[in-house]
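In listed order, ligands and their atoms are each counted from 1. Count residues from 1 along the sequence. Only a predicted model underlies this, so the values are computations on that prediction, with no experimental measurement involved.
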Amino acid sequence: MRLILLGPPGAGKGTQAQGLADHFGIVHISTGDMFRAAIKNETALGLQAKAFSDAGTLVPDDVTIGIVRERLGQSDCHEGFLLDGFPRTLVQAEALAEILKELEISLNAAVNVQVDRPLLMARLTGRRVCRQCGATYHIVFNPPPQEDQCGKCGGELYQRKDDNEETCEKRLDVYQRETAPLIEYYARKGILRNIQGDQEIDQVLADILAALQRDLT
Ligand code: ADP
Ligand code: ADP
Ligand code: ZN
């Protein structure tokens, strides 16, 4: 199974990606996670990405396409993969099409998780992430069993630097301008699956799996 997860920041892509990767036994590739790891480790990539990530704008296409090209060439992607947060521009989508053509594979589906803007703001500004394992929580909608502590590994929870109100508004604007056109792009290719994202986490996952049934048969 080869999937991409579309949807605005806060739609629940990362949350669903975990369940989907487990279900299909495929790797979860999050460009946002890759950039955050690089920034934390102060690598050359991290130095390039930091200013954009902090400002809530997109890392340049050539940099982003380069890391995805390299990642998709690794052997653990042979069984399938789930791209979370890539592509985010039409240039990235066209580059992905080229990469997949070279690898002689194609996408099964582009899953578009839909959530309205006021709820996205509430989700983003209340998000907390585990420093140790990357698990995602929400202070109101999906609280950890113990305050400030990950229920999976006991790690410390933190708030992402770009999850403040001002940067979130910016990211949602960038999404509208740069990424929303991809919905039409994948609809035209006949692989778009629209999912109602403003439901319980388990229900969203069930709806995605039901929508993908068609692609398995
Ligand atoms: P994205 O990867 O699309 O930016 P996340 O998966 O990180 O989104 O989710 C954003 C926030 O919303 C997190 O705090 C997460 O716990 C919460 N969340 C995700 N899905 C749901 C849902 N179906 N209902 C309520 N809260 C959710
Ligand atoms: P969210 O889904 O909550 O917006 P991500 O973790 O996917 O957050 O992305 C965080 C940041 O990483 C983005 O604001 C952007 O700076 C950078 N980024 C992630 N994916 C891409 C991409 N495909 N193209 C350009 N920049 C990206
Ligand atoms: Zn954890």
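A side-chain donor-acceptor contact under 3.5 Å links Thr31 to the backbone of Gly85. Although no hydrogens or angles enter the test, the distance criterion places a donor-acceptor pair under 3.5 Å between the side chain of Gln159 and the main chain of Thr125. With Asn164 contributing its side chain and Thr167 its backbone, the two residues share a donor-acceptor pair below 3.5 Å. No donor-acceptor pair under 3.5 Å is formed between the side chain of Gln16 and the backbone N or O of Gly12. Counting only distance, with no hydrogens or angles, the side chain of Arg123 and the backbone of Gly10 share a donor-acceptor pair below 3.5 Å. Looking only at distances, a side-chain donor or acceptor of Asn108 sits under 3.5 Å from a matching main-chain atom of Arg2. A donor-acceptor pair is defined here as one N or O able to donate and one able to accept, closer than 3.5 Å; such a pair exists between the side chain of Asn41 and the backbone of Ala37.
Closest to atom 13 (C) of ligand 1, if we only count protein heavy atoms, is Thr136 CG2, 3.5 Å. When hydrogens are left out, the protein atom nearest atom 25 (C) of ligand 1 is Phe141 CB, 3.5 Å; that is the closest non-hydrogen contact. The nearest protein atom to atom 23 (N) of ligand 2, hydrogens excluded, is given as Gly85 O, 2.8 Å; this is a heavy-atom distance. Summary of contacts: the protein heavy atom closest to atom 26 (N) of ligand 2 is Val59 N, 3.1 Å. From the protein, the heavy atom lying nearest to atom 12 (O) of ligand 2 is Phe35 CD1, 3.9 Å. Distance from atom 6 (O) of ligand 2 to its nearest protein heavy atom, with residue and atom name: Arg36 NH1, 2.8 Å. Scanning the protein for heavy atoms near atom 4 (O) of ligand 1, the closest one is Gly10 N, 2.8 Å. Scanning the protein heavy atoms around atom 3 (O) of ligand 2, the nearest turns out to be Arg171 NH2, 2.7 Å. The protein non-hydrogen atom at the shortest distance from atom 11 (C) of ligand 1 is Arg123 O, 3.6 Å. At the shortest separation from atom 7 (O) of ligand 2 among protein heavy atoms lies Arg88 NH1, 3.0 Å. For atom 24 (N) of ligand 2, the nearest protein heavy atom (residue, atom name, distance) is Gln92 NE2, 2.9 Å.
Of the heavy atoms in Met34, none comes closer than 4.0 Å to ligand 2. Looking at Thr64 against ligand 2, only its side chain comes within 4.0 Å, counting heavy atoms.
Atom numbering of ligand 2 starts at 1 in the shown order; those under 4.0 Å from a heavy atom of Thr31 are 19 (C), 20 (N), 21 (C), 23 (N). Residue-ligand proximity, Ser53 to ligand 2, at heavy-atom distances under 4.0 Å covers atoms 16 (O). Listed by number with element, the atoms of ligand 1 under 4.0 angstrom from any heavy atom of Pro8 are 3 (O). Atoms of ligand 1 found under 4.0 Å from any heavy atom of Gln199 (numbered from 1 in listed order, with element): 22 (C), 23 (N), 24 (N). Near Arg127, the atoms of ligand 2 lying under 4.0 angstrom from a non-hydrogen atom of the residue are 3 (O). Close approach to Tyr137 involves these atoms of ligand 1, each under 4.0 Å from a residue heavy atom: 13 (C), 14 (O), 16 (O). Near Glu200, meaning under 4.0 Å from any of its heavy atoms, are these atoms of ligand 1: 23 (N). Of all atoms in ligand 1, listed by their number and element, those nearer than 4.0 Å to a heavy atom of Gly14 are 1 (P), 2 (O), 6 (O). If you number the atoms of ligand 1 from 1 as listed, the ones under 4.0 Å from a heavy atom of Lys13 come out as 1 (P), 2 (O), 3 (O), 4 (O), 6 (O), 8 (O).
Taking any N or O of Val204, backbone or side chain, none lies under 3.5 Å from an N or O belonging to ligand 1. The distance criterion of under 3.5 Å between nitrogen or oxygen atoms is not met by Gly56 with respect to ligand 2.
Within the model, atoms CG of Asp162 and SG of Cys168 stand 7.0 Å from one another, a figure rounded to the nearest 0.5 Å. Taking OG1 from Thr136 and CD from Gln18, the interatomic distance works out to 9.0 Å, rounded to the nearest 0.5 Å.
The side chain to side chain contact (heavy atoms under 4.5 Å, CB included) test with Leu192 is passed by exactly one of Leu182, Ile183, Val111: Ile183. Considering Thr64, Asp61, Thr179 in turn, Asp61 is the only one that fulfils the side-chain hydrogen bond (donor to acceptor under 3.5 Å, both in side chains) rule with Thr89. Put simply, the residue from Leu96, Ile65, Asp62 that forms a side chain to side chain contact (heavy atoms under 4.5 Å, CB included) with Val91 is Ile65.
When Val115, Thr15, Asn142, Leu124 are checked for heavy-atom proximity to atom 9 (O) of ligand 1, Thr15 turns out nearest. The heavy atom nearest to atom 16 (O) of ligand 2, considering only Thr167, Val91, Thr57, is found in Thr57. Ranked by closest heavy atom to atom 8 (O) of ligand 1, the top entry among Ala17, Gly12, Pro9, Gly197 is Gly12. The residue from Gln18, Arg160, Gln196, His138 that puts a heavy atom closest to atom 17 (C) of ligand 1 is His138.
Distances from ligand 1 to the non-hydrogen atoms of Gly7 include no value under 4.0 Å. Using a 4.0 Å heavy-atom cutoff, Gly126 is absent from the residues neighbouring ligand 1. Within the structure, the closest approach of Thr89 to ligand 2 does not fall below 4.0 Å when heavy atoms are considered.
Here the angle at the Zn ion (ligand 3) defined by SG in Cys153 and SG in Cys133 stands at 110°, rounded to 10 degrees.
In plain terms, the two heavy atoms of Gly19 and Leu205 that are nearest each other are C-CD1, 4.2 Å.
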Might you work through the salt bridge (Lys or Arg N to Asp or Glu O under 4.0 Å) test for Asp207 and Arg193, ending with a clear yes or no?
-> CA-CA 10 Å; Asp207 283 7; Arg193 302 286 177 263; over 6 Å; no
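Between Glu166 and Lys170 no salt bridge is recorded (no basic side-chain N to carboxylate O distance below 4.0 Å). Ion pairing between Lys50 and Asp54 holds under the 4.0 Å rule for side-chain N and carboxylate O. Note on Arg171 versus Asp163: salt bridge recorded, some NZ/NE/NH1/NH2 to OD/OE distance being below 4.0 Å.
Cluster membership check: Val115 does not share its hydrophobic cluster with Ile208, using side-chain heavy-atom separations under 4.5 Å among Ile, Leu, Val, Met, Phe, Trp and Tyr.
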